[in-house]
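Each chain gets a letter, A, B and so on, in the order the sequences are listed, and its residues count up from 1.
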2 protein chains.
Amino acid sequence: MASCSLNVHVVIFSLCEDTLRVLLAPEEQTLWQLPGQPLQQSETLESCALRAFQEQTSRREVYLEQLYTYSNLLHHTQKQLVSVVYFALIPANARREPSAELRWFSVNQLPSLKDNHFEIIAYALRRLRYKLEYSAVGFELLPEEFTLSELQHTYEVILGEKLDKRNFRRRILQAGIIEETKHRRTKGEGRPARLYRYRPDAVAEVKARRLFP
Amino acid sequence: MASCSLNVHVVIFSLCEDTLRVLLAPEEQTLWQLPGQPLQQSETLESCALRAFQEQTSRREVYLEQLYTYSNLLHHTQKQLVSVVYFALIPANARREPSAELRWFSVNQLPSLKDNHFEIIAYALRRLRYKLEYSAVGFELLPEEFTLSELQHTYEVILGEKLDKRNFRRRILQAGIIEETKHRRTKGEGRPARLYRYRPDAVAEVKARRLFP
DNA sequence: AGAATAGTGTCTCTCAGACATTATTTG
DNA sequence: CAAATAATGTCTGAGAGACACTATTCT
């Protein structure tokens with residue numbers, strides 16, 4: 001194929017101040033876009049996606065997952081636009097001040113976006129919510145050690161609903177994917193909370209209920 | 001990016017003679033590959049995928065879903081190979097004799113495959129099995145009207161396990177995604193079976209059980 | 001002592017899973 | 001009437017969901 005520009009974009013989620021946020025780059029005037037770049041000849045799609053937000057995190061390990069590949073026909077220029085989109089999760093503590101002109105936007109208050117980037121973010125959010133229900137992806141937004149209240153709060157922010165504390169604890173514990181540490185965290189107020197950590201040997205994906213059959 | 005060849009491949013599943021099969025094209029000697037072709041400038045990814053098996057089916061509507069996008073660095077040629085893979089389902093009755101040199105292979109007895117096509121098929125199969133459990137994708141392999149035994153058999157072949165007849169019927173019926181027709185089918189032997197049809201207004205995706213609520 | 005947050009147990013109701021017999025047709 | 005396939009109902013156990021009080025720390 002003659003002229004195909006292949007770009008890789010990343011939807012980067014993080015939790016700031018009780019809202020789920022997405023990192024966006026300015027496009028022009030009041031128009032924003034997802035961070036992204038053209039695929040280089042010497043890299044895989046994944047390493048290109050990694051590069052796209054490397055400066056945004058101090059973590060070696062980052063949750064990164066391929067989301068979807070979009071194609072757009074730009075009729076006026078007769079150009080074919082192909083974009084491979086990833087989504088990534090960054091814990092608040094591993095985040096740096098956004099470099100350049102990048103800014104964190106709440107998923108509930110997005111600015112005007114380039115191309116179909118709004119649709120892409122909506123899809124990424126749906127996928128994140130969906131994954132939360134059958135895998136252990138929620139930990140990726142938290143520091144290595146966390147309290148159960150923090151974990152529950154993360155779930156609540158992403159799902160956009162309140163959860164029952166006792167049911168949450170019961171299930172997350174008997175799922176066997178986190179383990180106690182010897183540490184506690186105190187906010188200076190109230191009873192200090194026990195810290196937990198994700199069990200690296202845990203089976204993160206759990207079988208979903210079978211609907212059919 | 002300078003030289004990127006962007007191909008679209010399709011994993012086409014169908015049910016023949018009690019086995020789940022994949023349509024493959026000969027590559028060279030004893031090596032086979034997934035049907036595919038380079039993306040044209042004037043088409044979207046999806047229409048390119050559709051084109052890749054249009055001659056394989058007489059159906060207007062075909063179940064087609066994007067699977068994953070793979071990138072391969074071919075070190076010796078310094079070329080970048082990007083392949084967007086779709087998977088498709090064709091009902092046995094809508095299938096034609098494979099054109100050209102294409103052949104249907106049982107997923108349990110695949111030949112030697114080009115590049116990472118074995119991995120791709122394995123992933124497509126995993127996805128198909130997974131989808132079967134929370135969506136109504138099984139109908140896409142059957143004619144418009146089908147008996148419950150045929151439907152159950154489809155599930156059994158794909159999942160590779162026997163299912164309980166009563167539980168299967170109970171759940172598939174109370175899920176409300178199929179409806180009775182007035183027709184019956186008889187094989188000439190045994191009691192004729194009632195024919196059902198997929199309800200086009202049905203909500204095919206059902207909520208999965210929440211693991212971590 | 002009061003404020004703040006952490007931590008804990010029970011009951012009910014739904015639904016998945018196991019299981020065997022009767023009904024209808026054809027030759 | 002024999003053979004073949006279709007169709008149907010019940011019981012049990014696991015777990016999701018609703019719900020309120022006690023425990024620990026700090027000031």
Side-chain angles (χ1 to χ4, degrees), chain A residues 18 130 132-135 138 142-143 145-157 159-197 203 206-213, chain B residues 18 129-130 132-135 138 142-143 145-157 159-197 206-213:
Chain A
D18 291 5
Y130 190 73
L132 212 58
E133 298 192 348
Y134 70 89
S135 85
L142 288 171
E145 301 197 342
F146 49 84
T147 70
L148 290 182
S149 295
E150 288 165 353
L151 183 60
Q152 180 177 348
H153 185 241
T154 302
Y155 275 76
E156 288 175 342
V157 168
L159 296 176
E161 58 181 300
K162 294 290 271 179
L163 302 172
D164 181 84
K165 193 199 238 187
R166 282 166 293 187
N167 293 339
F168 181 83
R169 285 167 187 242
R170 188 206 320 141
R171 266 180 284 179
I172 208 84
L173 287 176
Q174 78 185 20
I177 52 178
I178 60 176
E179 61 189 8
E180 286 188 0
T181 69
K182 300 213 172 88
H183 310 139
R184 289 163 180 282
R185 170 175 304 161
T186 181
K187 301 203 186 112
E189 239 179 13
R191 171 175 172 178
R194 179 174 294 279
L195 287 166
Y196 289 78
R197 111 164 56 89
V203 182
V206 193
K207 235 187 152 29
R209 172 206 277 166
R210 287 201 177 174
L211 280 308
F212 323 120
Chain B
D18 290 8
R129 285 185 174 144
Y130 190 72
L132 212 59
E133 297 193 347
Y134 70 89
S135 86
L142 288 171
E145 301 198 340
F146 49 84
T147 69
L148 291 182
S149 296
E150 288 165 353
L151 183 60
Q152 179 176 348
H153 186 242
T154 302
Y155 275 76
E156 288 175 341
V157 169
L159 296 176
E161 58 181 300
K162 292 291 269 179
L163 301 172
D164 181 85
K165 193 196 233 185
R166 282 165 294 185
N167 293 339
F168 181 83
R169 283 167 189 244
R170 186 202 326 139
R171 268 180 285 178
I172 208 85
L173 287 175
Q174 80 184 19
I177 52 178
I178 61 176
E179 61 189 10
E180 286 188 1
T181 69
K182 300 215 172 87
H183 311 138
R184 290 163 181 280
R185 171 176 303 161
T186 181
K187 301 201 185 112
E189 236 178 16
R191 172 175 171 177
R194 179 173 294 278
L195 286 166
Y196 289 79
R197 110 164 57 88
V206 192
K207 236 187 150 28
R209 171 207 278 166
R210 288 202 177 174
L211 279 308
F212 318 127

Are the side chains of [Y] and [X] in contact, using a 4.5 Å heavy-atom criterion?
X: Leu148(B); Y: Ile178(B); value: yes
X: Thr147(A); Y: Arg184(A); value: no
X: Arg194(A); Y: His183(A); value: no
X: Lys165(B); Y: Gln152(B); value: yes

Would you mind reading off the distance between [X] atom [atom1] and [N] atom [atom2], rounded to a whole angstrom?
X: Leu163(B); N: dA16(C); atom1: CG; atom2: P; result: 14 Å
X: His153(A); N: dA6(C); atom1: NE2; atom2: P; result: 11 Å
X: Gln174(B); N: dC15(C); atom1: CD; atom2: C1'; result: 8 Å
X: Ile172(A); N: dG15(D); atom1: CD1; atom2: P; result: 16 Å
X: His183(B); N: dA6(D); atom1: NE2; atom2: C1'; result: 18 Å
X: Glu150(A); N: dT5(C); atom1: CD; atom2: P; result: 13 Å

* Asked: Quick check, are the ring centers of Phe146(B) and Tyr196(B) under 6.0 angstrom apart?
  ->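 Distance test on ring centres: not under 6.0 Å, no.
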* To do: For DNA chain C, produce a single dot-bracket line, 5' to 3'. Pairs: Watson-Crick or G-U wobble, both distances under 3.5 Å. Symbols: ( ) within strand, [ ] crossing, | other strand, . unpaired.
  => |||||||||||||||||||||||||||
* Asked: Looking across every strand, which nucleic acid part, if any, lies under 4.0 Å from Ser149(A) by heavy atom: base, sugar-phosphate, or nothing?
  ->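 Sugar-phosphate contact only.
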I'd like a list of close polar pairs between nucleotides 8-13 of chain D and the protein, N/O only, cut-off under 3.5 Å.
none

* Asked: Between Arg185(B) and Glu145(B), does at least one N-O distance fall below 4.0 Å, as a salt bridge requires?
  ->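 So Arg185(B) does not pair with Glu145(B) through a salt bridge.
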* Asked: Is the shortest distance from a Lys or Arg side-chain nitrogen in Glu180(A) or Arg197(A) to a carboxylate oxygen in the other one below 4.0 Å?
  ->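 Result for this pair is no, no salt bridge flagged.
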Polar-atom pairs under 3.5 Å, protein N or O versus N or O of nucleotides 25-27 of chain D: list them with distances, or write none.
{"from": "dC26(D)", "atom 1": "O3'", "to": "Gly188(A)", "atom 2": "O", "distance (Å)": "3.2"}

